[in-house]
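Written below as structure tokens is the structure these notes are about.
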Amino acid sequence: MTIYDTLNEMQKEAAFHTEGPLLILAGAGSGKTRTIIHRMAYLIDEKGVNPYNIMAITFTNKAAAEMRERVDALIGYGSESIWVCTFHSTCVRILRRFIDRLGYKTNFTIYDTDDQKSVVKDVIKRMNLDPKMYKERTVLSVISSAKDELIGPDEMMIRAAGNYAERKIAEIYKEYQEQLKKNNAVDFDDLICLTVELFRENKDILEYYQDRFRYIMVDEYQDTNTAQFKLVSLLASRYENLCVVGDDDQSIYKFRGANISNILDFEDTYPNARVIKLEQNYRSMQNILNAANAVIQHNLGRKNKKLWSDKGDGEKVKFSIYDNGIEEAEGVVEDIKKKVLTEGYSYKDCAVLYRTNAQSRALEERFVAANIPYRVYGGVNFYQRKEIKDILAYLKTIDNGQDDLAVKRIINVPKRGIGATTLSKVDTYAMERELNFFDALDMVEDVPGIGKASAKIQAFVDFIAVLRSKAETMRISELIREVIESSGYDKMLEEDAADEDEIAERISNLEEFVSKAVTYEEGTDEPTLSGFLEEVALVADIDNMDETVNRVSLMTLHSAKGLEFPAVYITGMEDGLFPSYMTISSGNPDDIEEERRLCYVGITRAMKELNLTCARQRMIRGETQYNQVSRFVKEIPPLLLEKREQGFMAGSRSTVKPSFLDRQSEGGFGRRTPVTSYSSVKSIGNPKNATLEYGVGDRVRHIKFGTGTVLAIVEGGRDYEVSVDFEKFGVKKMFASFAKLVKCEE
DNA sequence: GTGCCTGCTCACGGG
DNA sequence: GAGCAGGCAC
């Protein structure tokens, strides 16, 4: 038996096709990560490729972490030299080494959206433009789209031609870039564009990385934008060993510049490309897949694929109509409660998905009322919260005083009696002399027109200097505590907060921040303040998903991509909400298609049970709306649906008659089959496990993870999936045939 | 320089 | 419905 026997025929073909361009069209739940990882193993074990020459790029840190873990488990020794990173962190690593060639310093900071807004606002003000005509948000989205397409300020100016407003935006763009450079900062889009620019202008660097990354794999390829495509194709242009994995039906990031033609035109770009489709789904019951297929079939520009599963039909898709959003939330919560009490589900098996973050509030209230544990993912990013950003600004100022925004953010927080008038004088002084804001503060004695305030400024500069010297010896977590206390930030929180709850909330956020610093210190070989700040800049909320805690997950449909849950609830299935009003009224059919793909993503998250809900009336932005049932629900054939109407407006309760699909389900998971049996954990008592020399409860050793205890052995095809609780690395799942676990004799 | 009030704007998604 | 910027009073 080899490790590849666990793959199906198509997966094998993909894994064994190692040379030249390869497009893997992988439907939802078709085992694409498995395929990629086995492909890496094949490259190393059978083709003798040095792991150092293999690169895998993902979009999210979570996907990268998952891949890293599974690669380590499968390949073991040597796997650590495979480059597994997100696009953004890949670029950061490259730029930290070589960005000086583009005139930045290698210790640049990364600006988030708020920082970008401040810069743009400042630029608009200084250019004496009407802020009502040029809104930061709009300007920024134009700049961001330009960067996604690798269009610089000069090119934008040429394209604008005679259009006055566009020319002005190009000017703002140019000035914005100069400001960033002056602050030694880059934004998220710059990370990609600057790396492309670096490669284009420095052949030696490009060749170095081309030679290093001889085998490149890109996950979620349908989400790449033009700049990311360029980056990948530059890297791959020497060896052309480019394997991209994606699903055009799951492209949901057009708003972020994702260019679906990257995947649709892959074969045109690389005429010698091999295309392999993975259509067998290992996640969901057939009824769920039929619903997903039915919906997505309404899209035109797509590559034809049809998911199928051998798991049996399972239950019908439940569709419930409620009178309003509150009752919808109540209904979902009640349903989850019932499932957990009577059907053997755990809270963590359930996910509630919605189109907009604003919808989470009503749900949260009901979960709290029902005393059911839950966690909301996404929404306001942890690191965007005011108190966290304030402390981060202190840390950035301590780390290097070049980030003007950070300095300006905290110079008067807590209040030090340094006001806007004083600051603008310092600002003018700094600009005239091309100084950093902080350096100008340091020379406050020379700044004209500053009277009493100069002593206050000097005190602030001295305070930072003290923190800097402390930072040299203190751990980061200690430094954070020191900043909070010695700056008086803790006192300020208590005085300014509206009520006790707010104080508790903010304090607990700061506590969590400290513990994140501790986690960083413990998980990093050489923790540095700069390293910590960089890590913080690149995390998203969903990256911190903790599957071990038993609670219901609430998140947007976008955040749910890549995840799976036994029971999924998609709420707010109403025209005007999902698909959103903007996409219905835009008149562009592509927009509706993107919404439909989002719906497809949502449906295919469900393993065993899918629930769709909607409300007849709903409060949106303080205004009651009456929406039709979502067109996506209507696209699901009625015989796949079990419709339930709730509330006093409900008509007679209607259940669609059993169909041929129902009859097929006999022997599979019929509706009457209890759900308790879905985790098919088998202990060592199973005779099929006789080939393994260890069993549940035994102590085993792994080449990379050291020793641990076997928790469970699950049968999966011709192999066994073994869960082991390692002393140093926690619980890991791995396949027995390639984990090469050895029983410890004690 | 600070604090409060009002009125405006944004309500789609995220690294 | 909520958060924020800007204006105004102190």
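Chain letters run A, B, ... following the sequence lines, proteins first and then strands; every chain starts at 1. Hydrogens, waters and symmetry mates play no part in the numbers below; they use all other heavy atoms, side chains included.
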A/Asp462-A/Gln458 side chain donor-acceptor pair, cut-off 3.5 Å | yes
Does the side chain of A/Glu220 come under 3.5 Å of the side chain of A/Gln222 through a donor N or O and an acceptor N or O?
-> yes
For DNA chain B, whose closest nucleotide is more 5', that of A/His558 or that of A/Asn412?
-> A/Asn412
Parallel, tilted or perpendicular for A/Trp83 and A/Tyr209, by the 30°/60° rule?
-> perpendicular
Does the B/dG15 base have a donor-acceptor partner in the side chain of A/Asp189 within less than 3.5 Å?
-> yes
For DNA chain B, whose closest nucleotide is more 5', that of A/Ile418 or that of A/Met582?
-> A/Ile418
Between A/Lys62 (NZ) and B/dG14 (C1'), how many Å, whole number?
-> 16 Å
Residue pair A/Lys32 / A/Asp219: nearest heavy atoms and the distance that separates them | NZ-OD1, 3.1 Å
Between B/dG15, B/dG13, B/dG3, which one does the side chain of A/Thr113 approach most closely?
-> B/dG15
Per-nucleotide protein contact string for nucleotides 2-10 of chain C (B base, S sugar-phosphate only, - none; heavy atom under 4.0 Å) | S---S----
NZ/NE/NH1/NH2 to OD/OE distance under 4.0 Å, A/Asp575 and A/Arg631 | yes
Would you mind reading off the distance between A/Asn357 atom CG and B/dC10 atom P, rounded to a whole angstrom?
-> 18 Å
For A/Ile326 and C/dG1, give me the distance from atom CD1 to atom C1', rounded to whole Å.
-> 13 Å
Please state how far atom CG in A/Leu353 lies from atom P in B/dG13, giving the value in whole angstrom units.
-> 14 Å
Quickly work out the A/Arg597 CZ to B/dG13 C1' distance and round it to whole Å.
-> 13 Å
Could you label the plane-to-plane angle of the A/His558 and A/Tyr253 rings as parallel, tilted or perpendicular, counting under 30° as parallel and over 60° as perpendicular?
-> tilted
May I ask you to evaluate whether A/Thr421 reaches the phosphate of B/dG1, defined as a side-chain N or O under 4.0 Å from OP1 or OP2?
-> yes
Grab the CZ-P distance between A/Arg137 and B/dC12 for me, whole Å please.
-> 8 Å
Which distance, rounded to the nearest 0.5 Å, do you find between the CZ of A/Phe578 and the OH of A/Tyr354?
-> 14.0 Å
When we call it a touch if two heavy atoms are under 4.0 Å apart, what does A/Ala420 touch: a base, just sugar-phosphate, or nothing?
-> sugar-phosphate
Check whether any side-chain nitrogen or oxygen of A/Thr422 sits under 4.0 Å from OP1 or OP2 of B/dG1, and answer yes or no.
-> yes
Has A/Ser559 got a side-chain N or O lying under 4.0 Å from the OP1 or OP2 atom of B/dG14?
-> yes
